[in-house]
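Note sheet for the following structure.
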Amino acid sequence: MKPSAFDYIRADSAEETVSLLARHGEEAKILAGGQSLMAMLNIRLAQPAMLVDISRCRDLDYVRVDKGQLVIGAAATQASVENRATLAAEVPLLDLVFPYISHFQIRNRGTVCGSVAHADPSAELPLCLTALQGEVVLRSKAGRRVLKADQFFQGMLVTAVKPGEIVEEVRFPLREQGARYAFEEVSMRHGDFAIAALAAVVTDGAIELTVGGVADRPQRKRWPRLAGADLEGAINDFAWELEAQSDGHASAEYRRHLVRRLGRELIATATAKASV
Ligand SMILES: Cc1cc2nc3c(=O)[nH]c(=O)nc-3n(C[C@H](O)[C@H](O)[C@H](O)COP(=O)(O)OP(=O)(O)OC[C@H]3O[C@@H](n4cnc5c(N)ncnc54)[C@H](O)[C@@H]3O)c2cc1C
């Protein structure tokens, strides 16, 4: 299929983008890297009258550390973050997940904010943002608002973005002193969307597990430093709480199995890592 007809405008700045969104309302959609949107246009899952291309907005193309967070602007590609020499020291979990996001050609075009705005339940970047309790900055003509990840993600491909708003930037907290991180996923082939993806964060006082690809959005659980049968039981309860669904890729039972198995393994992996 081909997309239905639309108008296209290339914005040069964040200010011009929010002005265009204010003028065109629900008729307009942001085009960032186009790596998810073009497919949605082609199958007519999205039929906007107007596309506002933000990929050349230089004032949205930044990756910087500010107030204990890695701040990523809406035009920054996934590759520009992945290739940052200091990423492993700044946000170790992000450094672990980038190789799992499709292939480098996609990461060269796709943006971090676009992946967050798209909110695919299997996508790795929304999972990281949830695991680290990062923030999303929404900007419109009326001003800005800042939401925590669990306020932002509201369901499968559903977020708190309102007509007229752009995800201006996302903010990932920098590595927490003493925290250890691990990530793993299972997919049909390397680079495919995950059947289940998990991130573990272990500190001296707590264990956190975040699961993507199973519920309609990433889900995070925090426990004290449980071990043995107590930990097994807690992970099993979490696997059931996620209310996994069967689809063409995997059964609900297999997804629960992955949560239990990968959850246990990842917590052990993170715990065994040297504390920094
Ligand atoms: C073959 C293939 C394999 C892929 N595999 C994976 C994978 O394994 N894991 C994974 O996570 N992703 C995968 N992706 C998706 C990829 O990561 C996308 O780049 C990403 O999901 C969307 O980013 P984008 O910049 O391309 O956004 P676009 O495609 O331009 O936009 C996606 C949606 O978000 C909206 N949007 C974009 N930016 C903003 C913004 N700043 N503010 C408000 N709304 C905005 C758009 O209007 C649109 O609705 C794959 C893509 C392809 C083509």
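These figures come from a predicted structure and were not determined experimentally. Values reported hereafter were calculated over all heavy atoms of this structure, with side chains retained and with hydrogens, waters and symmetry mates removed.
Transitive grouping of hydrophobic side chains (ILVMFWY, heavy atoms separated by less than 4.5 Å) brings L96 and V91 into a common cluster. Clustering ILVMFWY residues whenever any of their side-chain heavy atoms sit less than 4.5 angstrom apart, transitively, puts I235 in a cluster other than the one holding W240. No continuous path of hydrophobic side-chain contacts links L132 to V202 [ILVMFWY only; heavy atoms under 4.5 Å]. Following chains of ILVMFWY side-chain contacts shorter than 4.5 Å, one can reach I72 starting from L174, so the two form part of one hydrophobic cluster. Residues V65 and V136 share a single hydrophobic cluster, defined by chaining ILVMFWY side chains whose heavy atoms lie under 4.5 Å apart.
Side-chain atoms of R180 come within 3.5 Å of backbone N or O of T271 as a donor-acceptor pair. Side chain of S55 to main chain of G33: no donor-acceptor pair is present (N/O by atom type, distance under 3.5 Å, no hydrogens or angles). Looking only at distances, a side-chain donor or acceptor of R217 sits under 3.5 Å from a matching main-chain atom of Q154. With D59 contributing its side chain and S13 its backbone, the two residues share no donor-acceptor pair below 3.5 Å.
Other residues, nucleotides and ligands place no more than 12 heavy atoms under 6.0 Å from the CD atom of E26. No more than 12 heavy atoms of other residues, nucleotides or ligands sit less than 6.0 Å from atom NE2 of H249. Atom CD of Q151 sits in a crowded spot, with more than 12 heavy atoms from other residues, nucleotides or ligands closer than 6.0 Å. Other residues, nucleotides and ligands contribute only 12 or fewer heavy atoms inside 6.0 Å of the CZ atom of R109. Counted within 6.0 Å of CZ on R145, heavy atoms from surrounding residues, nucleotides or ligands total more than 12; the atom is thus considered enclosed. In the displayed structure, Q47 atom CD is contacted under 6.0 Å by more than 12 heavy atoms of other residues, nucleotides or ligands. Within 6.0 Å of CD in E253 there are 12 or fewer heavy atoms belonging to other residues, nucleotides or ligands.
Nearest approach of A182 to K273, heavy atoms of both residues: CA-NZ, 4.3 Å. Nearest heavy-atom pair, V167 versus A74, reported as atom, atom and distance to 0.1 Å: O-CB, 3.2 Å. Heavy-atom minimum distance, P3 versus R44: O-NH2, 3.5 Å. Closest approach of E16 to D12, counting heavy atoms only: OE1-N, 2.8 Å. Considering every non-hydrogen atom in both S246 and S251, the closest pair reads OG-CA, 3.5 Å. For the pair S187 and A194, the tightest heavy-atom approach, listed with the atom from each and the gap, is CB-CA, 4.0 Å.
For the atom pair L51 CG and Y8 OH, the distance stands at 8.5 Å (nearest 0.5 Å). In this structure, the separation between NZ on K148 and CZ on F153 is 13.0 Å, given to the nearest 0.5 Å. With rounding to the nearest 0.5 angstrom, the OH atom of Y100 is 6.5 Å from the CD atom of E185. Atom CG in L93 sits 9.0 Å away from atom CZ in F172 (nearest 0.5 Å). N108 contributes atom CG, which lies 9.5 Å from atom CD of Q78 (distance to the nearest 0.5 angstrom). Between atom CZ of residue R175 and atom CG of residue L87 there is a gap of 11.0 Å, rounded to the nearest 0.5 Å.
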Could you go through residues 221-234 and list every donor-acceptor pair under 3.5 Å that involves a side-chain atom there, pairing it with any protein atom two or more places apart or in another chain?
from	atom 1	to	atom 2	distance (Å)
K221	NZ	E241	OE1	2.9
R222	NH1	E208	OE2	2.4
R225	NH1	T203	O	2.8

Validation: residues 110-121 side-chain donor-acceptor distances under 3.5 Å, sequence neighbours left out:
from	atom 1	to	atom 2	distance (Å)
T111	OG1	G114	N	2.8
D120	OD1	S122	N	2.8

- Tell me, with the steps shown, if L94 and L125 meet side-chain contact (heavy atoms from CB on, under 4.5 Å). CA-CA 8 Å; L94 269 186; L125 293 170; 3.5 Å; yes

- Task: Evaluate the salt bridge (Lys or Arg N to Asp or Glu O under 4.0 Å) criterion for residues R255 and D247: first the C-alpha distance (whole Å), next the side-chain angles of each, then the deciding distance (0.1 Å), finally the verdict.
- Result: CA-CA 10 Å; R255 286 194 160 96; D247 59 24; 3.1 Å; yes

- Message: Walk me through whether E265 and E184 qualify under side-chain contact (heavy atoms from CB on, under 4.5 Å).
- Response: CA-CA 9 Å; E265 287 174 7; E184 188 56 88; 5.8 Å; no

- Message: One pair to check against side-chain contact (heavy atoms from CB on, under 4.5 Å): D150 and Q133. What are the steps and the verdict?
- Response: CA-CA 7 Å; D150 53 7; Q133 299 174 77; 5.8 Å; no

- Item | Stepwise salt bridge (Lys or Arg N to Asp or Glu O under 4.0 Å) check, E15 with K141 | CA-CA 8 Å; E15 185 56 41; K141 272 305 254 186; 3.1 Å; yes

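Evaluated for a salt bridge (charged side-chain N to carboxylate O under 4.0 Å, His left out) with E135, the options R144, R171, K67 yield exactly one hit, R171.
Side-chain contact between F183 and E124 is present, with at least one heavy-atom pair separated by less than 4.5 Å. Under the 4.5 Å side-chain criterion, counting only non-hydrogen atoms from C-beta, C128 is not in contact with T210. Considering only heavy atoms from C-beta on, I207 stays 4.5 Å or farther from L209 through its side chain. For the pair L129 and F152, the minimum side-chain heavy-atom distance is 4.5 Å or more. Residues M38 and L31 are in side-chain contact: their nearest non-hydrogen atoms beyond the backbone lie under 4.5 Å apart. E82 places none of its side-chain heavy atoms less than 4.5 Å from the side chain of I101. The shortest distance between side-chain heavy atoms of E165 and R139 does not fall below 4.5 Å. Inter-residue side-chain proximity for L198 and L258 is flagged as unmet; no heavy-atom pair is nearer than 4.5 Å.
Under a 4.5 Å side-chain heavy-atom cut-off, the cluster of Ile, Leu, Val, Met, Phe, Trp and Tyr residues that includes V137 is completed by V146. M40 forms part of a hydrophobic cluster together with I43, L45, judged by ILVMFWY side-chain heavy-atom separations under 4.5 Å. Cluster partners of L21 are I9, V18, L20, I30, M50, V52, I54, L60, I166, counting Ile, Leu, Val, Met, Phe, Trp and Tyr whose side-chain heavy atoms approach within less than 4.5 Å, directly or via other members.
Relative orientation of the H190 and H103 rings is perpendicular, given thresholds of 30° and 60° on the angle between their planes.
Shown here are the ring pair (Phe, Tyr, Trp, His ring centres under 6.0 Å) partners of Y181, two or more places apart in sequence or in another chain: there are none.
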